[in-house]
Amino acid sequence: MKIVATWYGTVALHIVVDGKLGIFLDPSFERPENAWPKIKADAETVDLDPLDAIFVSHSHFDHVYNLPNLIRRYPSAHAYVPATTAGNCRNLCSGEIFEDYRYELLETDWARVHTITAGDRVELASQDGGVHLRATAIKSEHVKFDAYSKLRVLLNWKLWRRWRHYVKFMKGFPKMEVVGWEFQLTASDETKRIVFFGSMCKKFPEVLSLYQDCDYFIAPLAGRRDVLPHAQAMTEALSPRAVIPAHYDDFFPPVSYLTNIRSYEKWLATACPETKLIKLEPEQPTPL
């Protein structure tokens with residue numbers, strides 16, 4: 001089985017199996033000019049073939065902003081999202097969040113946006129039936145921001161100069177329910193398991209333990225200056241064969257910041273020497 005992943009910043013990931021089945025996680029390409037890394041891909045032109053399904057972890061703007069673009073551009077793709085995501089995206093498309101932004105989707109398009117909750121399961125297959133996917137929504141929560149992450153926003157004069165602009169992003173995209181996803185991918189009698197979280201959550205170790213010994217853990221290393229305690233707890237609970245760091249980029253300055261993940265990388269190399277670290281280069285398809 002050949003799995004190729006392409007990272008578009010935050011936790012926006014396109015994963016393709018054997019060139020036949022494609023899924024996209026937390027679809028967002030939009031970012032300010034001073035964000036790092038620079039993402040050249042545009043939601044209206046980027047080539048994501050094949051794209052069969054879109055999975056969302058929660059409803060913050062940096063996880064759902066371009067869901068409408070992908071639904072319209074890929075008429076055979078279905079999206080599986082928390083209920084709030086559908087409402088946020090409808091508000092976005094109608095101009096309710098940003099007056100100068102409108103995006104037209106037909107009701108037949110919205111019919112391909114399915115609401116889910118923790119415990120729900122989705123099953124689908126590639127067009128030729130050669131690749132099968134079973135996706136399970138995992139109970140989760142958003143990371144609790146630390147004092148540093150809060151104060152650097154509250155005391156940032158650049159943010160306060162344009163506070164009305166930033167409030168629209170925060171107020172217009174409430175997160176509500178947060179889920180993770182487990183993907184079981186099967187092709188030619190081989191199965192690989194990917195566990196994906198859009199935000200760090202170590203609150204439910206008994207839930208995480210249900211998905212241990214996975215092949216890949218997509219780890220969202222953001223929201224705290226010291227990510228090690230949270231990332232360590234999740235990694236130990238999941239015992240993955242490989243870790244793929246994500247969301248550590250400076251995706252929405254001055255609100256966001258580049259997360260220093262070296263402490264986590266050093267811990268992983270020492271405590272889990274058999275666990276492979278796979279750092280994806282932005283917009284570069286990488287075999288896993």
Side-chain angles (χ1 to χ4, degrees), residues 5-15 22-31 51-68 70-71 77-89 92 113-122 133-145 169-170 172-184 193-204 207-208 210-211 214 216-224 227 230-231 233-235 237-238 240 243-249 251-252 256 259 280:
T6 308
W7 179 48
Y8 292 96
T10 57
V11 280
L13 281 155
H14 185 215
I15 297 173
I23 63 176
F24 203 97
L25 314 179
D26 283 9
S28 182
F29 299 90
E30 306 295 329
R31 52 180 54 205
L51 181 58
D52 299 282
I54 302 162
F55 296 92
V56 169
S57 66
H58 65 283
S59 304
H60 280 159
F61 72 92
D62 54 315
H63 297 257
V64 303
Y65 194 90
N66 293 119
L67 175 63
L70 301 190
I71 284 294
H78 288 248
Y80 302 91
V81 307
T84 305
T85 298
N88 289 354
C89 288
L92 175 66
V113 179
H114 311 281
T115 59
I116 56 85
T117 190
D120 286 352
R121 181 170 291 172
V122 176
L133 167 66
R134 184 173 72 180
T136 303
I138 306 170
K139 182 180 180 181
S140 186
E141 281 194 2
H142 199 274
V143 66
K144 298 294 187 291
F145 297 117
F169 285 92
M170 308 305 165
F173 296 88
K175 69 175 186 300
M176 303 302 286
E177 183 179 14
V178 180
V179 300
W181 286 96
E182 184 208 34
F183 305 110
Q184 292 191 28
R193 295 168 56 231
I194 301 174
V195 173
F196 159 73
F197 283 90
S199 186
M200 284 194 293
C201 178
K202 64 174 184 176
K203 185 176 180 180
F204 309 111
V207 174
L208 291 175
L210 298 175
Y211 304 96
C214 57
Y216 305 99
F217 167 37
I218 300 171
L221 304 178
R224 302 184 65 87
V227 298
H230 281 65
M234 294 186 73
T235 304
L238 291 169
V243 172
I244 302 172
H247 213 342
Y248 58 90
D249 53 323
F251 61 94
F252 192 64
S256 64
T259 305
L280 302 177

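Quick note: residue numbers are just sequence positions, from 1.
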Which residue, Ile244, Val243, Leu208, forms the side chain to side chain contact (heavy atoms under 4.5 Å, CB included) with Phe217?
-> Val243
Is the shortest heavy-atom distance from the side chain of Pro82 to the side chain of Val56 under 4.5 Å?
-> yes
Interatomic distance, Ile71 atom CD1 to Ile54 atom CD1 [nearest 0.5 angstrom] = 4.0 Å
Where does the angle between the aromatic ring planes of Phe183 and Trp181 fall among parallel (under 30°), tilted (30 to 60°) and perpendicular (over 60°)?
-> parallel
Reported NE2-to-NZ distance for the pair His58 and Lys175, which is rounded to 0.5 angstrom | 8.0 Å
Should the ring pair His114 and Tyr80 be called parallel, tilted or perpendicular, given that the plane angle runs from 0 to 90° and is split at 30 and 60?
-> parallel
Rounded to the nearest 0.5 Å, what's the gap from OH on Tyr211 to CD on Glu182? Could you check?
-> 6.0 Å
Between Ile218 and Phe196, what is the shortest heavy-atom contact and its length?
-> CG2-CD1, 3.8 Å
Qualifying residues under side-chain contact (heavy atoms from CB on, under 4.5 Å), relative to Ala77, sequence neighbours excluded = Leu51, Tyr74
May I ask you to check whether Thr84 and Glu177 show a side-chain donor-acceptor distance below 3.5 Å?
-> no
Mind telling me whether Phe24 and Phe29 have parallel, tilted or perpendicular rings, with 30° and 60° as the class edges?
-> tilted
Find the distance between CG (Asn66) and CG (Asp26) and round it off to the nearest 0.5 Å.
-> 11.5 Å
Check: Ser28 side chain, Val64 main-chain N or O, donor-acceptor pair, under 3.5 Å | no
Over all heavy atoms of both residues, which pair between Phe145 and Arg224 is shortest? Give the atoms and the distance, please.
-> C-NH1, 4.0 Å
Between Cys201 and Ser140, the two heavy atoms sitting closest are CB-OG, 3.3 Å
Indicate yes or no for a side-chain donor-acceptor contact from Thr85 to the backbone of Val81 under 3.5 Å, with no hydrogens or angles considered.
-> no
Is there side-chain contact between Asn88 and Leu67, with heavy atoms separated by less than 4.5 Å?
-> no
Which heavy-atom pair separates Leu221 from Met200 by the least distance, and what is that distance?
-> CD2-SD, 4.2 Å
Can you name the closest pair of heavy atoms from Gly198 and His247 and give their distance?
-> O-CD2, 3.4 Å
Salt bridge (Lys or Arg N to Asp or Glu O under 4.0 Å) partners of Asp249, counting only residues at least two apart | Arg31
Considering residues at least two apart in sequence or located in another chain, which fulfil the ring-ring contact (aromatic ring centres under 6.0 Å, His included) criterion with Tyr65?
-> Tyr101
Is it true that a side-chain atom of Thr136 and a backbone atom of Arg121 form a donor plus acceptor pair closer than 3.5 Å?
-> no
Straight-line distance of His63 NE2 to His142 NE2, nearest 0.5 Å | 5.5 Å
Pairwise side-chain contact, Asp52 with Ile23, heavy-atom cut-off 4.5 Å (strictly under) = no
When rounded to the nearest 0.5 angstrom, what is the spacing between OH in Tyr8 and CG in Leu25?
-> 12.0 Å
Shortest non-hydrogen contact from Ala137 to Ile116?
-> CB-CD1, 4.1 Å
Residue pair Asp62 / Thr10, side-chain donor-acceptor N/O under 3.5 Å = no
Could you check if a side-chain atom of Met176 sits within less than 4.5 angstrom of a side-chain atom of Ser59, using non-hydrogen atoms only?
-> no
